[in-house]
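As the structure is a prediction and not an experimental result, all values here were calculated from the model.
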Amino acid sequence: MFDVISSTLPFLLDGLWMTFKISLITIFLGSLIGVVVGMLRTLDYAVITYPLAAYIHALRGTPFLIHLYLVYFMLPATGISWLQFEAFPAAVIALSLYTSTYVAEIVRAAIEAVPSGQTEAARSTGMTALQCMWHVVLPQAVKMMIPPMGGVYVIIIKGTSIVSVIGIAELVRAGEHATQRHPKELMVIYGMTALLYFAYCYPVLRIARWAETKFGSVRLPS
Amino acid sequence: MTNETPIVVVKDICKTFNIPGRPPVHALRNVSNHVAKGEVLVVIGPSGSGKSTFLRALNGLETIDSGSIVIDGVELTAAKANLNLLRQGVGMVFQHFNLFQHKTALENLTMPQTVVLKRSQSEADEIGRRLLDRVGIGDKDDSYPSELSGGQQQRVAIARSLAMNPKVMLFDEATSALDPETVGGVLDLMKELATEGTTMVVVTHEMGFAREAADRVTFMDGGEIIEEGTPDTVFDDPRHERTRSFLSQII
Ligand SMILES: Nc1ncnc2c1ncn2[C@@H]1O[C@H](COP(=O)(O)OP(=O)(O)O)[C@@H](O)[C@H]1O
Ligand SMILES: [Mg+2]
């Protein structure tokens, strides 16, 4: 058994590294897009909010695998040169857009959960809408975003396994390769794979937990 | 007082709330009023009579359908680009305090000063500490709103408005959410501000305060101004039946 572990671990670590890269880039880009989309959705302008609502519902209402195939197989089929993607960028694009829809909903819900009295007080001191958002609403909303955001990030990390279908050698795919070489050691190999995911995801949840206590829960007006 | 141009001039303002599927609510019907420099106007009336809508219209928190509001010579309805500037000059104290929950008492006072008035941090700190002293809670500078009593929170809120050097202060039922034993202290503070010459528009159910501090009392009902005059005439010799029945219920 130790033979199996020592001979497959390097491959699995390579897979973990790929999972790590894809998920980090995805979380970064997805959060960036999501925060902007989520903030814009709280505005009062239908010209902005309706298209963004359509974007979010379209992506959330369809399977991720379809998004991935769309970006990797169908966009290149249009023949337009800048829509030709290798597997890695295709995976990052599809996953980032998918992530952004979940982040956007968290951001919007958190912003809307800040009591309107906070905005009214800020505006009545003469703050602009932007100053109010930056100095009053966001700092309070961020605290409410942290716990659900940690949850989404972990789901995204585990969800990266699906990009193996377009040939990316991430952790699950590395594990499958290993099982082909050691077909009798399925338990050991999948056990190692699961442990590696856990070693990555658990700290993320702990950090979210830590951030939540550090920044405190939100103090609502009595 | 009367030969000066008033700080606030309100002319024929109307506001209707239209909620789909419900009959429209006429919150303000042709309301006109004015507040001179240093004057204390107290607005009374039953719940739902439009008092809050009137106050909120004065600092642009509520848009109006027609009519005009002029604050210190600037037309509020025409000055869309200047609305933020205009609001600086109109302080607002809310029933539920609305302190910034993520800031300490002192930071509640300094943050708007540095962000809006671009005062330096040290200048804002100095003004902030002086005003916390002024409202009687100089020792609470480091406390968060959740650590303060209602009365203390309302004092911070009043100080936060004063820090912006407003031309006029609006109070919307500032003591309605307070415990009975803290109401008196906050009312005393408001009376002090009044005698110091602060221009104030006060919506309140505290008739004792109105009688003592008001230069003029306005009674509203159903979105209209029914009656107005000095506290003595409105309280002791009301001309309208609606005023009489309201006063008999509340006193
Ligand atoms: N945002 C709003 N949407 C719909 N109706 C409102 C809104 N604000 C106030 N109203 C209605 O306008 C009327 C006047 O309200 P308000 O000015 O709050 O009265 P008051 O402060 O005298 O109790 C009430 O009938 C109230 O229900
Ligand atoms: Mg009211």
Need one label for B/Val115: side chain, backbone, both or neither, based on atoms under 4.5 Å from any heavy atom in chain A.
both

Indicate every side-chain donor-acceptor pair of residues 27-34 of chain A with a distance under 3.5 Å to a residue at least two apart or in another chain.
residue	atom	partner	partner atom	Å
A/Ser31	OG	A/Ile27	O	2.5
A/Ser31	OG	A/Tyr153	OH	2.6

Indicate every side-chain donor-acceptor pair of residues 47-63 of chain A with a distance under 3.5 Å to a residue at least two apart or in another chain.
residue	atom	partner	partner atom	Å
A/Thr49	OG1	A/Tyr45	O	3.1
A/Tyr55	OH	A/Ser100	OG	2.6
A/Thr62	OG1	A/Ala58	O	2.8
A/Thr62	OG1	A/Leu59	O	3.4
A/Thr62	OG1	A/His67	NE2	2.7

Would a distance-only check, ignoring hydrogens and angles, find a side-chain to backbone donor-acceptor pair under 3.5 Å from A/Thr78 to A/Met74?
no

Sort by residue number and list every member of residues 167-176 of chain A having a non-hydrogen atom under 4.5 Å from chain B.
none

The ring-ring contact (aromatic ring centres under 6.0 Å, His included) partners of B/Phe17 (sequence neighbours excluded) come to none

Heavy-atom distance under 4.5 Å to chain A: side chain of B/Phe94, backbone, both or neither?
side chain

B/Glu126 side chain to B/Glu123 main-chain N or O, any donor-acceptor pair under 3.5 Å?
no

For the residue pair A/Tyr98 and A/Thr26, confirm or rule out a side-chain donor-acceptor distance under 3.5 Å.
no

What I want to check is whether the side chains of B/Thr104 and B/Asp141 have a donor and an acceptor closer together than 3.5 Å.
no

